[in-house]
Number of protein chains: 2
Amino acid sequence: MSVSDQPMRVLRPEKTLRELALEKMRDAIVNMHFRAGERLVERDLCDQLGVSRTIVREVLRHLESEGLVAIQPNRGPIVAETTPEEARQIYEIRGVLEGIAAKACAAQKDPRVVAELERILGGIRASYAANELPAVLSATTDFYRTLFENSGRHVAWGIVNSITARINHLRSMTIKTPDRDKQGPAQMQKIIDAIKAGDGQAAYEAANVHVKNAATIAEALLAEQQGPRSG
Amino acid sequence: MSVSDQPMRVLRPEKTLRELALEKMRDAIVNMHFRAGERLVERDLCDQLGVSRTIVREVLRHLESEGLVAIQPNRGPIVAETTPEEARQIYEIRGVLEGIAAKACAAQKDPRVVAELERILGGIRASYAANELPAVLSATTDFYRTLFENSGRHVAWGIVNSITARINHLRSMTIKTPDRDKQGPAQMQKIIDAIKAGDGQAAYEAANVHVKNAATIAEALLAEQQGPRSG
DNA sequence: CCGCATATTATGGGATACCATAATATCAGC
DNA sequence: GCTGATATTATGGTATCCCATAATATGCGG
């Protein structure tokens, strides 16, 4: 039930402090204002967000449930650390869920979906050209949201959106690697082409290739970071 | 890092009130003490749980993030309702994630996994025979946890566990339907056989069949419930 | 200088209070 | 009996407070 379903509905004029604070905190974590492993001291967050401890504690519970925050007994909350193994698992889950969404879009044969995906991909290319990397991430999210929502999979989208937040630091790195500005959009074009052709299997595989490539790049970057520690 | 990894570690003697309350609330929702759509009035929950509103509010945030509770603006929290469409999406997600876990177990060729699965399945059969349906649900959860944990997929298990909680009311119904006490375990036996044979594809498909059958039964039950409303 | 004991501070756990507003109840007029 | 106005209650939003305990700082003796 959306606004278009209920055009008469009176819309709420504003969000609660808690909702606003949650958005701020989530953005701060995903965009690495707070780094993995960093302590989140309740009183400090009160000062930074300008709200009471009640709000901060409720926000921390929400983020804990999302996996973005971990509570250390007798130490308090920290920004959750995603291990390379967890990152690998997250990429795998994304691969299969995104593949299914792409496949379903191919089965629909809806030219509007193709048009929308091409519009978004054009924006991704433009953002790469302008070196606006945050916009690249945001538009990539839009690309996949379009696949999920147009195939009626908002539960899966909720999952993908949530687990992707946990590896946003990796996404920030993978989009910067050499040639990713060409390979990434090319892979997404393949997804669009398969959807346009109504080829579900090709759409599924193209989506998987895109995610697997990102996973491979991320794994290499993590290995670099752990150079002295890994054999 | 577990107890066996760190045998010297001093274990925390107890959980916080919030953790205990969260478990109670989650169990009460999943086991339908609170029904879908039912209002969760904060002060009432304080009385029922014997804790302050701070605890109750934090618990509600956690459950909201898990999708078990929905907040209605100016109306407060209610037990989230899972629509038939959402249930369908949840079964689909489970199908692919459980399939992948089963396939990975088949690739491992670990006889201990097979033994553990057979032990759990024996318990499911015994619980059916004794008509202990809550035990059937619990053991089925153990069966799938075994698949995920033995294939190193705790992120996916977290997701499956969480979304399955949202359709526990349907699970309670599907396990009761005629012949499910035979078909369910038979389908799980097929999963085990495929894992024992090291046949990943067969394991994947067997897991899918098990979930798809459950989804079909749930869909029929939902249609029955909505009889007067659907053509 | 190091180790141990003690003091102090930081901070999470949990409770309570107050306010504003939406929801509900009540009453009066037609 | 219905409708509109008003009063009352319910309840979520938010802030503040207190306590206990873990962490950290400090001091003293060997």
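A, B, ... follow the sequence lines: proteins, then strands. Residue 1 opens every chain.
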Let me know the distance between [atom1] of [X] and [atom2] of [N], rounded to the nearest Å.
{"X": "A/Glu19", "N": "D/dG13", "atom1": "CD", "atom2": "C1'", "answer": "11 Å"}
{"X": "A/Leu49", "N": "D/dT14", "atom1": "CG", "atom2": "C1'", "answer": "14 Å"}
{"X": "B/Glu58", "N": "C/dT16", "atom1": "CD", "atom2": "P", "answer": "15 Å"}
{"X": "A/Leu17", "N": "D/dT16", "atom1": "CG", "atom2": "P", "answer": "12 Å"}
{"X": "B/Asp47", "N": "D/dA10", "atom1": "CG", "atom2": "P", "answer": "13 Å"}
{"X": "B/Gln72", "N": "C/dA23", "atom1": "CD", "atom2": "P", "answer": "10 Å"}
{"X": "B/Glu42", "N": "D/dT9", "atom1": "CD", "atom2": "P", "answer": "21 Å"}
{"X": "A/Ile71", "N": "C/dT11", "atom1": "CD1", "atom2": "C1'", "answer": "13 Å"}

Worksheet item: Which value, rounded to the nearest 0.5 Å, describes the distance between A/Leu121 atom CG and A/Glu116 atom CD?
Response: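 These two atoms lie 11.5 Å from each other.
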Item to complete: May I ask you to say what B/Arg18 touches in the nucleic acid, namely base, sugar-phosphate or nothing, with a heavy-atom cut-off under 4.0 Å?
Response: sugar-phosphate
Worksheet item: So does B/Arg53 get a side-chain nitrogen or oxygen closer than 4.0 Å to the phosphate oxygens (OP1/OP2) of C/dA15?
Response: no
Item to complete: For D/dA15, take OP1 and OP2 only and decide whether either is under 4.0 Å from a side-chain N or O of A/Ser52.
Response: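 Indeed, a polar side-chain atom of A/Ser52 lies that close.
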Worksheet item: Do the side-chain N and O atoms of A/His62 and A/Glu58 include a donor-acceptor pair separated by under 3.5 angstrom?
Response: no
For residues 47-54 of chain B, please give each side-chain donor-acceptor pair under 3.5 Å, one per line with the distance, not counting sequence neighbours.
from, atom 1, to, atom 2, distance (Å)
B/Ser52, OG, B/Thr54, N, 3.3
B/Arg53, NE, B/Glu42, OE1, 2.9
B/Arg53, NH2, B/Glu42, OE1, 2.7

Worksheet entry | Mutual orientation of the aromatic rings belonging to B/Phe148 and B/Trp157 [parallel < 30°, tilted 30-60°, perpendicular > 60°] |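 It falls in the tilted class, 30° to 60°.
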Discussion item. Which residues pass the side chain to side chain contact (heavy atoms under 4.5 Å, CB included) test with B/Ala214, not counting sequence neighbours?
Written reply: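 Applying side chain to side chain contact (heavy atoms under 4.5 Å, CB included) to B/Ala214 gives B/Tyr91, B/Arg180.
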Discussion item. From C-beta outward on A/Val41, which listed nucleotide comes closest to its side chain: C/dT11, D/dG12, D/dC17?
Written reply: C/dT11
Item to complete: Consider the side chain of B/Arg43, meaning its heavy atoms from C-beta on, and name the nucleotide among C/dT16, C/dT11, D/dT11 that approaches it most closely.
Response: D/dT11
Fill in: 5'-most by nearest nucleotide on DNA chain C - B/Gly50 or B/Arg39
B/Gly50
Discussion item. Heavy-atom nearest nucleotide on DNA chain D for B/Arg57 versus B/Asp44: which residue maps closer to 5'?
Written reply: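 Nearest-nucleotide comparison on DNA chain D picks B/Asp44.
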